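First the structure, in the form of structure tokens, and then the observations on it.
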Number of protein chains: 2
Amino acid sequence: MMSSVSPPTRERLLQAVLTLLEGSQGRGVRMTDIARQAGITRQALYLHFSTRAELLVAATHYLDEVKGSEARLAPSRAAGSGAERLDAFIEAWGAYIPEIHGIAKALLAMKDTDREAARAWDARMQDMREGCEAAIEALDRDKMLSSALSPKQAADMLWTLLSVRNWEQLTRDCGWSQAAYIETLKALARRIFVAGGKPDRQDHGH
Amino acid sequence: MMSSVSPPTRERLLQAVLTLLEGSQGRGVRMTDIARQAGITRQALYLHFSTRAELLVAATHYLDEVKGSEARLAPSRAAGSGAERLDAFIEAWGAYIPEIHGIAKALLAMKDTDREAARAWDARMQDMREGCEAAIEALDRDKMLSSALSPKQAADMLWTLLSVRNWEQLTRDCGWSQAAYIETLKALARRIFVAGGKPDRQDHGH
DNA sequence: TATGTCAATTGACACGGTGTCAAGCAACAA
DNA sequence: TTGTTGCTTGACACCGTGTCAATTGACATA
């Protein structure tokens with residue numbers, strides 16, 4: 001019954017997906033390509049995953065396992081003040097995006113046609129949203145959340161601001177470096193969400 | 001030679017695209033569907049547009065013509081101060097998004113596979129970017145651009161902030177009303193881009 | 001009335017990509 | 001020897017896009 005415990009091949013397939021997706025940012029990676037990359041036949045691939053969507057979803061989970069998505073966002077929970085927490089979260093998530101970008105794009109592309117892919121993606125985004133909510137909540141507890149925004153609005157906004165698409169646009173279309181992305185977004189988030197937050201610092205040089 | 005002057009059928013096809021895309025937000029609208037909606041055969045459709053991408057691109061131009069995309073963004077150029085201009089631009093663009101959303105999604109979905117579609121979309125986004133740049137520039141001229149951001153950074157950020165994807169996320173996934181979207185983004189943009197801009201107004205209630 | 005042209009029709013087919021199925025084969029275990 | 005497991009080969013169905021050839025009906029023109 002297809003060996004519920006996982007032998008090499010399944011792993012090799014998952015790896016293949018990740019490798020190919022990394023290279024061709026989610027674009028035009030066919031079942032044939034994946035199978036060949038893993039050293040088996042396209043048909044044999046269906047012995048392990050009955051659907052492209054299923055494979056992609058599994059690859060997503062696999063990647064989480066390997067890269068430890070949970071562990072990544074943890075440091076932000078440890079931070080002291082709400083503002084520090086916000087910073088830490090943006091830093092962690094911002095560093096994570098490039099690693100999941102390939103598969104994220106692939107999943108995103110299937111979202112409109114495949115229910116399972118949509119569910120997998122939405123679940124992921126829900127996780128990430130919880131991080132946003134937690135950061136905003138911490139800020140709110142500190143009475144440091146900008147009074148211009150309700151916690152819900154703020155969470156929505158932060159969540160949107162940190163979307164993969166936005167990272168893609170800033171980083172690809174606008175040519176921002178990864179470091180610039182993180183720094184600018186941290187500064188921006190402070191300005192937006194932290195009460196009275198650095199309205200316009202002119203500290204160095206009068 | 002396909003009659004360079006446009007008889008009814010071509011228009012009907014364009015209309016059909018818009019209608020169908022409106023209904024099914026860019027999802028699964030096939031050539032067959034479009035042809036049927038216009039009352040002709042799928043094959044006959046190829047007498048007018050030789051490619052799905054071409055049809056979609058033409059539909060985009062057609063929509064511009066009908067809804068006057070140029071005229072929409074014009075008022076923002078007339079505004080007095082840079083801040084007012086920013087407001088006007090967000091309002092105009094924000095009101096425009098829902099109208100182009102269907103076709104935007106369809107184009108966006110093809111972007112990765114079709115060069116023409118990508119070009120059409122990028123051109124559109126370039127137009128919109130010019131609006132962003134103009135608004136930021138006006139702000140800069142007024143010496144009201146936040147010193148935390150360079151004009152280029154600011155334009156990149158505004159452009160990203162106002163993306164169709166973000167509108168979609170806030171409006172669909174977060175459940176914001178169209179009015180809330182516009183109001184919140186206007187406030188946000190002021191806070192982000194306008195120097196010293198409304199850091200945290202506590203006006204109503206002590 | 002005959003001729004031509006134009007828009008559309010019907011029906012068939014190619015291609016690429018996903019998913020399915022049947023038969024066979026090599027390796028290993030009992 | 002028999003069976004099982006994991007894979008192979010080869011064929012095929014389905015779907016959506018794009019192509020082609022032959023035909024038809026309407027309209028204009030000579």
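As the structure is a prediction and not an experimental result, all values here were calculated from the model. Excluded from the calculations below are hydrogen atoms, water molecules and symmetry mates; all remaining heavy atoms, backbone and side chain alike, are included. Each chain gets a letter, A, B and so on, in the order its sequence line appears, and its residues count up from 1.
- Atom pair A/Arg12:CZ and D/dG6:P shows a separation of 13 Å (rounding to whole Å applied).
- OP1 or OP2 of C/dA7 has not a single side-chain nitrogen or oxygen of B/His48 nearer than 4.0 Å.
- Shown here are the salt bridge (Lys or Arg N to Asp or Glu O under 4.0 Å) partners of A/Glu54, two or more places apart in sequence or in another chain: there are none.
- For B/Glu65, there are no salt bridge (Lys or Arg N to Asp or Glu O under 4.0 Å) partners at least two apart in sequence or on another chain.
- For residues 79-90 of chain A, the side chain to side chain donor-acceptor pair (under 3.5 Å) pairs, not counting sequence neighbours, are A/Asp87-A/Arg190.
- Of all the heavy atoms in B/Gly82 and B/Leu139, the pair that sits closest is C-CD1, 3.2 Å.
- Among pairs with a residue in residues 53-99 of chain A, none fulfils ring pair (Phe, Tyr, Trp, His ring centres under 6.0 Å), at least two apart in sequence or across chains.
- Under the salt bridge (Lys or Arg N to Asp or Glu O under 4.0 Å) criterion, B/Glu130 pairs with no residue, sequence neighbours left out.
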Sugar-phosphate or base contact per nucleotide [nucleotides 9-23 of chain C; S, B, -; heavy atom under 4.0 Å]: BBBB----SBBBB--
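- Listed by chain and residue number, B/Lys67, B/Arg72 satisfy the salt bridge (Lys or Arg N to Asp or Glu O under 4.0 Å) test with B/Glu99 (two or more places apart in sequence, or in another chain).
- Partners of A/Thr19 under the side-chain contact (heavy atoms from CB on, under 4.5 Å) rule, at least two apart in sequence or in another chain, are A/Gln15, A/Gln37.
- Each end of the helix from C/dT1-D/dA30 to C/dA30-D/dT1 gets its own axis, taken as the rotation carrying the C1' atoms of four end pairs onto the next four within a five-pair window, and the two axes meet at 30° to the nearest 10 degrees.
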